[in-house]
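Written out below as structure tokens is the structure these notes cover.
Naming: A, B, ... by sequence-line order, numbering from 1 per chain.
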Amino acid sequence: MRVREVHGFDLAPAEARRLQEELAGRVEEGPPLEVGRVRHVAGADVSTQDGVAYATVAVLDFPGLSVVEVRGFEAPLRFPYIPGLLAFREVPAVIGALRAVETPVDALICDAQGRAHPRRMGLACHVGLFVDVPTVGCAKSRLVGGFREPGEERGSVSDLVHGGEVVGRVVRTRRRVSPVFVSVGNRIDLDSAVELVLACCSRYRLPEPTRQAHNAANRLRREGQMGLL
DNA sequence: GCGACAG
DNA sequence: ATCTTGTCGC
């Protein structure tokens, strides 16, 4: 996959925040994604240990959701975990894994927030500025925003509001399980993002692309390799 | 000043 | 995210 070199990552926290404010203006909300024409969906995730980031990208066919490619990349962690600045810690590794992907991908789901971020620049937005693929943020917990608990049925949703605007949606992907937080990464609209995430959740709470990437990242970290493919 | 806080 | 055993449930 083609990856653009938007900027370097050798920055201090204060500089990182200023850069986010600038980059947020380059993020595109929309156009709608024609989920019916999606052939491949990818998921990205990162596992860490002892100062090393193990990033992986899993590519699945759609709507079948079987894994067709898995790539991994290791990189030293040069930035601490600071709420709101996760991208500066993990994106360098994610970019490495994305460069190795050969299958044409129609959408990428990241295990983090997109626009549901204090400066509207979550990791999914950040990754989205480096690639020519629509990106979606699907986090397991909230970073910012208020919301009403969605209904207990699969498919129930509620708006995630921050600073007076709808920055994402709280989505119940399975009956009675805690909801996930979906938001726009780049080049896709919120409704399409939610539709895609739901279409990727069959038997588990998290979308298959992200779930597969997560498993692969842990295998890469623990066993030094990812297995299949 | 006091909490909250993606992974 | 990672550190960690067993346990309850489908």
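Pairing each heavy atom of A/L220 with each of A/A55, the nearest pair is CD2-O, 4.1 Å. Counting all heavy atoms, side chain and backbone alike, A/A116 lies closest to A/S183 at N-OG, 3.6 Å. When all heavy atoms of A/A16 and A/F79 are compared, the closest pair comes out as CB-CZ, 4.3 Å. Across all non-hydrogen atoms, the minimal contact from A/I188 to A/T135 is CG2-O, 3.5 Å. The shortest non-hydrogen separation linking A/T173 to A/R154 is O-NH1, 2.9 Å.
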For residues 99-112 of chain A, please give each side-chain donor-acceptor pair under 3.5 Å, one per line with the distance, not counting sequence neighbours.
from, atom 1, to, atom 2, distance (Å)
A/T103, OG1, A/E69, OE1, 2.5
A/D106, OD2, A/R39, N, 2.7
A/D106, OD2, A/H40, N, 2.9
A/D111, OD1, A/K140, NZ, 3.1
A/D111, OD2, A/K140, NZ, 3.1

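Across all strands, A/L77 comes closer than 4.0 Å to no nucleic acid atom at all (heavy-atom distances). Counting any heavy atom pair closer than 4.0 Å across all strands shown, A/G84 reaches a base atom. When heavy atoms are screened at a 4.0 angstrom cut-off, A/H126 is found touching no nucleic acid atom at all. Residue A/A112 is in base contact, counting any heavy-atom pair closer than 4.0 Å across all strands shown.
For the pair A/I82 CD1 and B/dC5 C1', the computed distance is 12 Å after rounding to whole Å. Regarding A/R169, its CZ atom lies at a distance of 19 Å from the C1' atom of B/dA6, rounded to whole Å. Distance NE2 (A/H162) to P (B/dA4): 16 Å, rounded to an integer number of Å. In this structure, A/F88 places its CZ atom 22 Å from P of B/dC5, rounding to the nearest Å. Nucleotide C/dC10 holds its P atom 19 Å from the CZ atom of A/R205, rounded to whole Å. When the C1' atom of B/dA6 is taken as reference, atom CG of A/L143 falls 5 Å away, rounded to whole Å. Whole-Å rounding puts the A/R120 CZ to B/dA6 P distance at 16 Å. Atom CE in A/M121 sits about 19 Å away from atom C1' in B/dC5, given to the nearest Å.
Distance from the side chain of A/R221 is smallest for C/dT2 among the nucleotides C/dA1, B/dA6, C/dT2. Which of B/dG7, B/dA6, C/dT2 sits closest to the side chain of A/N218 comes down to C/dT2. Closest to the side chain of A/R142, out of B/dG7, B/dA4, B/dA6, is B/dA4.
Remark: DNA chain B forms no stem of 3 or more consecutive Watson-Crick or G-U wobble pairs with all pair distances under 3.5 Å.
Dashed line: the shortest gap from a side-chain N or O of A/H214 to OP1 or OP2 of B/dG7 is not under 4.0 Å. Between B/dA6 and A/K140, no contact under 4.0 Å exists linking OP1 or OP2 to a side-chain N or O.
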message: As a quick check of understanding, evaluate ring pair (Phe, Tyr, Trp, His ring centres under 6.0 Å) for A/F130 and A/H7, giving each step before the final call.
response: CA-CA 9 Å; A/F130 283 72; A/H7 64 73; 5.4 Å; yes
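A salt bridge links A/E208 to A/R211: one of the charged nitrogens lies within less than 4.0 Å of a carboxylate oxygen.
Here the rule is side chain to side chain donor-acceptor pair (under 3.5 Å) with A/E153, and of A/R175, A/R176, A/R172 only A/R175 fits it. For the side chain to side chain donor-acceptor pair (under 3.5 Å) with A/S47, the lone residue among A/R222, A/H214, A/R221, A/R219 that qualifies is A/R221.
Residues from residues 41-50 of chain A lying near DNA chain C, meaning a heavy-atom separation below 4.0 Å, are A/S47, A/T48, A/Q49 in numerical order.
The aromatic ring of A/Y81 does not stack onto the base of C/dA1, failing the criterion of a centre distance under 5.5 Å from the six-membered base ring together with planes under 30° apart.
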